[in-house]
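This report concerns only the one structure given below.
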Amino acid sequence: MALVTKEIPKPQEAPKKQWVAFAIVTILYLAFLFWVGCWWGIIVVPFIYDVYITHKINWSWWREHPNSVVRFVMSWVDAIVFAGVAIYFLNLFFFQNFVIPSSSLEKSLLTGDYLLVSKLSYGPRIPSTPLTVPLTQHNLPTWLFRGAKSYVEWPRWDYRRVKGLGQIEQGDIVVFTYPAGDTIAEYAQNTDFYRLCYDQGRQSLQCALPTDSMPALEQRAAWARIYNEGHKIVASNPQFGEISGRPVDRRENYVKRCVGLPGQTLQIKNNIVYTDGKPMAEPTLAQYAYYVEWKNWSKLGGYNPEQLRAGGYDMNYVSELLTGDPDFLRLNGITEEDLGQVVSENVVCMPLNKGTKKVLDSHPEIAKVLEPAPALAELLYPLNKATGWSTANYGPVWIPAKGKSIDLTLDNLPIYERCIKNYEGNTLEVKDGKIIINGQPATKYTFKLDYYWMQGDNRDNSADSRFWGFVPEDHIVGKPLFVWLSTDKDYGTFSGGIRWNRCFKWVDDIK
């Protein structure tokens, strides 16, 4: 009887096109790992090999499942997961969407402008908090998760930036995370925590602020007393909620214009920015606050955007003024008591650039444009030093640069203290009139990071470096490329709510 032998089939070889696809994907993936300098990612290569060549893992098992409901649900899960991973990857290393939340760059960039921000321009940051919910900054949606954190504190990675296409240049509009956002009060998340403490301490103690004629050590003690009193109030008052911290990459995003680079000495004289003694050209649409007298404010209903827009002026600022926004009032030198008097007398404080000022000079409802509003001269950076500076006349200050050293004194310590402690992770205290850094007396300090000076084009209505100081390099997010959508909150979608003339406008064209 003849034996019948069954031939064992040979494993099928992968078609050449699959090898080509595998080779292309692997080369691109390895090039990416080389770019970001993260070689532990090589553990993914065997899975790429399986997807294209061996097929040991049935990645699409659900396609052959007998239950149609399972096939339907998993098809959606597969699509959502793929889209989520792709968007997260692009958002992390290449591009990010950003919407202008405030008027600090008006009229260069408007509130409601949606920007495509390039992280490639200055090099993307490797995230310091890698475990986070995609497309969130620091909190989950309040309506669904009650504003819970969108990230996990551990693991925490040190700052590292991948090489980009270029560096920040003077005049660039830059997106960065808020430097003073390392500490927040739960119910005042959009408020500078340190300024909040100084404000509360000053109100509680009812004391005069230290003056620049006081010795530096005496000043330091007086400011510390005010801050400590305010911190105690904020920490114990339920209206401010819990005090917590945020890592660098989970803080609020801001956008300003870079006017000072590392190693430069910056000074503002009569609103003109000087770096190393040379004046910087003003942005074309730079604005300053003016008092404007209307012929009959009540005739316009106080705020009528349709009528005023016809006159060539966007009245978002008047809306903010009339709602009593405290930051707007303070930045324009108006107290709440002054506001009622100003409105009743038909005088309003408004930010104007050269073009809009010319329009209002001939506006039929305007009596006259008065003198510029006074510059703010209280609670500027550094918050714990009386300088005699104002937003219009500020400095000089030297902007720290990586590897550069500075002689430290009690007089200049407040300017660089935040850089040394908060941004570069050192301990710092003053004992018996001596500066102690990491337990050792210090008369010099060498900086580990580059720093930048950022200001808004709406000069009298911009919370910028004049209020919270230097922006460290590890806070830089990227460079806005273009406005892909622009909306106006004062108008409906089909009645002027979309500014079509701004859509796909290149930011580099805005000087």
Side-chain angles (χ1 to χ4, degrees), residues 32 35-38 41 80-102 104-105 108-141 147 149-152 156-157 159-169 172-179 181-182 189-190 246-258 450 452 454 456 464 471-487 499 502-510:
F32 172 76
W35 178 49
V36 301
C38 192
I80 292 171
V81 169
F82 177 81
V85 171
I87 292 172
Y88 178 67
F89 178 78
L90 290 172
N91 188 72
L92 195 62
F93 291 102
F94 296 95
F95 302 100
Q96 179 177 335
N97 179 55
F98 178 74
V99 59
I100 300 293
S102 68
S104 66
L105 271 170
S108 301
L109 293 175
L110 306 182
T111 304
D113 279 353
Y114 286 79
L115 307 176
L116 183 71
V117 178
S118 166
K119 294 188 174 182
L120 294 173
S121 296
Y122 309 130
R125 296 177 298 181
I126 300 299
S128 57
T129 48
L131 299 182
T132 181
V133 177
L135 304 182
T136 62
Q137 185 61 20
H138 45 70
N139 289 98
L140 295 170
K149 287 183 178 180
S150 64
Y151 58 92
V152 178
R156 182 76 64 85
W157 294 344
Y159 164 68
R160 189 165 64 86
R161 185 179 295 276
V162 178
K163 185 174 179 59
L165 300 176
Q167 296 179 330
I168 296 177
E169 297 181 3
D172 280 359
I173 294 177
V174 181
V175 174
F176 54 92
T177 49
Y178 182 38
D182 55 346
Q189 294 191 18
N190 295 323
R246 282 181 181 156
V248 171
D249 59 341
R250 297 295 110 199
R251 298 173 192 171
E252 291 285 354
N253 282 332
Y254 271 45
V255 59
K256 308 287 179 188
R257 190 181 296 275
C258 176
D450 280 329
Y452 301 87
M454 306 289 186
D464 51 37
V471 177
E473 64 173 85
D474 62 349
H475 286 54
I476 301 298
V477 175
K479 180 179 182 178
L481 295 183
F482 60 84
V483 180
W484 63 270
L485 177 66
S486 184
T487 61
R499 306 182 185 106
R502 294 189 63 80
C503 293
F504 299 101
K505 183 174 184 177
W506 288 93
V507 173
D508 267 351
D509 293 338
I510 302 172

Heavy-atom neighbours of Tyr114 OH exceed 12 at 6.0 Å: no

Arg125 side-chain N/O to Asp474 backbone N/O, donor-acceptor pair under 3.5 Å: yes

Test item: Arg250 side-chain N/O and Gln137 main-chain N/O as donor-acceptor pair under 3.5 Å: yes

Near-ring test Phe176/Tyr452, centroid separation under 6.0 angstrom: no

Value rounded to 0.5 Å, distance of NE2 in His138 from CD in Gln189: 6.0 Å

Ile476 side, atom CD1; Cys258 side, atom SG - distance, nearest 0.5 Å: 7.5 Å

Short side-chain donor-acceptor distance under 3.5 Å, Tyr122 and Glu473: no

Presence of salt bridge, Asp113 and Arg499, under 4.0 angstrom: yes

Of Asn97, Leu109, Leu481, the residue whose pairing with Leu115 passes side chain to side chain contact (heavy atoms under 4.5 Å, CB included): Leu109

Given Arg257, His475, Met454, Lys479, the one that forms side chain to side chain contact (heavy atoms under 4.5 Å, CB included) with Val174: Met454

Parallel, tilted or perpendicular: rings of Phe93 and Trp35 (30°, 60°): tilted

Min side-chain heavy-atom separation Tyr159-Pro472 under 4.5 Å: no

Among Phe89, Phe32, Tyr88, the one residue meeting ring-ring contact (aromatic ring centres under 6.0 Å, His included) with Phe94: Phe89

